[in-house]
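The structure appears right after this line, and notes come after that.
Index from 1, following the sequence.
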Amino acid sequence: MYNLCCISNELKEQGYKFQTMTWKRFNQLRDEHGAEYALDQLGKRWLNNVEVTRLCVEHCADNGWGYRVSSALFPCLTHPEFEYSIQNVPQYEQIIEEFRDIVYYNETWQVRLSTHPDQFNVLASENQASVDKTIAELNHHGWVMDMLGCERSYQNPMNIHVNNTKGDLADIAARFMSNLNKTDQSVQSRLVIENEDKGCWTVANLLEYFDIPVTYDNLHDKCNPSQFLPFNGDYFYPMEECAKTWDNVKPLFHYSESMPDHKNPRKHADMPTDCPASEAYDWDVELKSKDAAIRACVAFQELSEALAQPFKSFMESDIKDYYPTQEVDK
């Protein structure tokens with residue numbers, strides 16, 4: 001299954017899009033018009049964003065996709081100087097009702113939901129203020145996932161990067177896990193980590209130093225492969241090794257490709273030239289064209305299956321010629 005990441009360009013073309021507000025703008029509105037007005041303007045954006053989320057989940061249900069929930073539904077809410085709560089906006093009850101609708105309808109839709117908090121979240125930081133900010137942000141995302149009716153399991157993962165390369169890897173991992181244990185259960189039960197496109201946190205190093213699920217990102221692995229040599233004739237297959245860390249939950253991996261002819265191979269392309277390597281896993285499609293990119297991946301997959309079918313039929317026929325009394329294993 002392919003998953004849409006945050007924004008649907010098809011819904012955006014129909015006028016349904018997320019809204020934001022900077023911290024500077026909120027303070028400007030409060031200074032010029034008062035806190036009540038500023039909170040009303042902020043609440044309108046929050047309500048819009050939850051409404052658009054409902055439409056995105058429905059859109060994914062219609063197409064048989066999963067959905068990565070935007071990490072920016074509630075601008076300003078987790079800012080360390082924001083002295084209000086979600087209950088302080090006049091749209092609070094409407095926001096909660098929208099969440100209830102998503103939970104109600106997704107019991108039928110069964111869209112797999114996930115989230116990917118922003119890069120500034122660094123659980124392994126040596127700066128306590130940064131760690132405190134990260135814990136607050138992750139707890140907020142855990143609350144959002146709870147409000148969306150998500151399981152407290154890796155079925156609805158929260159994916160982040162380690163984002164720290166300073167010092168001994170074992171120390172970084174220990175600090176990460178120690179701080180993870182300070183987060184809410186809504187976070188601990190869902191948090192997974194992803195191999196990075198540069199630096200030390202390759203697939204092999206994540207597998208060695210962490211005991212939580214690892215999200216395999218194919219483009220990151222291409223840009224920053226594991227330095228792993230064959231041992232006793234056994235080779236290291238990063239995607240399959242990451243899959244083992246998810247136990248009995250279907251892994252959710254990331255698929256992208258490099259922007260053609262761009263000097264930076266880490267830059268994501270708009271559209272695919274191929275599709276993910278395995279249907280055994282779910283895939284967040286991180287290509288920039290969003291819906292169109294997913295539809296192209298589906299087309300590539302269908303073409304690959306169509307081209308493979310004559311060969312498969314020929315092989316089955318060939319086996320029957322040699323072993324006419326043996327049932328062909330399909």
Side-chain angles (χ1 to χ4, degrees), residues 3 5 68 71 114-128 130-135 137-138 141-142 154 157-183 187-231 235-247 249 251-259 264-268 276-278 281-287:
N3 291 7
C5 291
R68 179 195 288 179
S71 61
S114 63
T115 190
H116 191 336
D118 290 334
Q119 291 282 83
F120 68 78
N121 291 285
V122 187
L123 271 178
S125 176
E126 294 182 287
N127 181 295
Q128 190 57 48
S130 179
V131 171
D132 292 343
K133 183 179 180 182
T134 296
I135 290 173
E137 187 73 19
L138 294 180
H141 280 78
Y154 301 124
M158 293 174 52
N159 181 92
I160 66 171
H161 296 262
V162 178
N163 276 338
N164 189 307
T165 61
K166 299 177 181 179
D168 182 76
L169 298 191
D171 291 342
I172 295 172
R175 196 161 56 244
F176 182 103
M177 293 306 300
S178 175
N179 289 326
L180 175 58
N181 289 334
K182 299 173 185 175
T183 64
V187 178
Q188 295 180 42
S189 58
R190 298 185 176 112
L191 199 79
V192 301
I193 49 176
E194 175 184 352
N195 60 304
E196 300 179 8
D197 59 9
K198 59 183 178 180
C200 59
W201 293 113
T202 61
V203 168
N205 285 338
L206 290 177
L207 293 173
E208 180 176 355
Y209 291 99
F210 286 90
D211 191 26
I212 58 177
V214 175
T215 300
Y216 175 75
D217 185 300
N218 75 301
L219 181 58
H220 293 181
D221 190 46
K222 179 181 177 181
C223 295
N224 189 29
S226 300
Q227 301 300 311
F228 197 96
L229 298 174
F231 179 75
Y235 284 85
F236 179 69
Y237 299 98
M239 182 172 62
E240 288 78 2
E241 292 302 317
C242 289
K244 294 176 184 177
T245 66
W246 291 70
D247 294 328
V249 174
L252 175 55
F253 292 162
H254 296 173
Y255 181 78
S256 191
E257 300 177 21
S258 297
M259 177 72 76
N264 182 3
R266 299 177 182 87
K267 187 174 179 63
H268 290 210
S278 175
Y281 319 122
D282 289 340
W283 295 89
D284 278 351
V285 177
E286 297 187 326
L287 295 155

Let me have the donor-acceptor pairs involving side chains of residues 202-213, under 3.5 Å, with sequence neighbours excluded, atom names and distances please.
unit_1: T202; atom_1: OG1; unit_2: N205; atom_2: N; d: 3.4
unit_1: N205; atom_1: ND2; unit_2: C200; atom_2: O; d: 2.6

With sequence neighbours left out, write down each residue that passes side-chain contact (heavy atoms from CB on, under 4.5 Å) with [X], or none if nothing qualifies.
| X | result |
| --- | --- |
| S278 | M239, A280, Y281 |
| N181 | Q188 |
| K198 | R266 |

Atom of [X], atom of [Y] and distance for their closest heavy-atom approach:
| X | Y | answer |
| --- | --- | --- |
| V122 | N163 | CG1-O, 3.6 Å |
| V192 | Y154 | CG1-CD2, 3.7 Å |
| L252 | T215 | O-CG2, 3.4 Å |

Tell me, please, which residues at least two apart from H161 pass ring pair (Phe, Tyr, Trp, His ring centres under 6.0 Å). H116, H220
Counterpart residues, side-chain hydrogen bond (donor to acceptor under 3.5 Å, both in side chains), relative to [X] (two or more places apart):
| X | result |
| --- | --- |
| D282 | R112, K250 |
| D118 | S71 |
| N3 | D284 |
| E257 | Y255, T273 |

Please list, chain by chain and in numerical order, all residues satisfying salt bridge (charged side-chain N to carboxylate O under 4.0 Å, His left out) with [X], sequence neighbours excluded.
| X | value |
| --- | --- |
| E196 | none |
| D221 | none |
| K244 | E241 |

Could you walk me through whether T183 and L191 satisfy the side-chain contact (heavy atoms from CB on, under 4.5 Å) test, starting with their C-alpha distance in whole Å, then the side-chain angles of each, then the deciding distance to 0.1 Å, before giving a yes or no? CA-CA 10 Å; T183 64; L191 199 79; over 6 Å; no
Main-chain N/O of V214 paired with T245 side-chain donor or acceptor, under 3.5 Å: yes
Output for pair (H254 NE2, N159 CG), nearest 0.5 Å, gives 4.0 Å
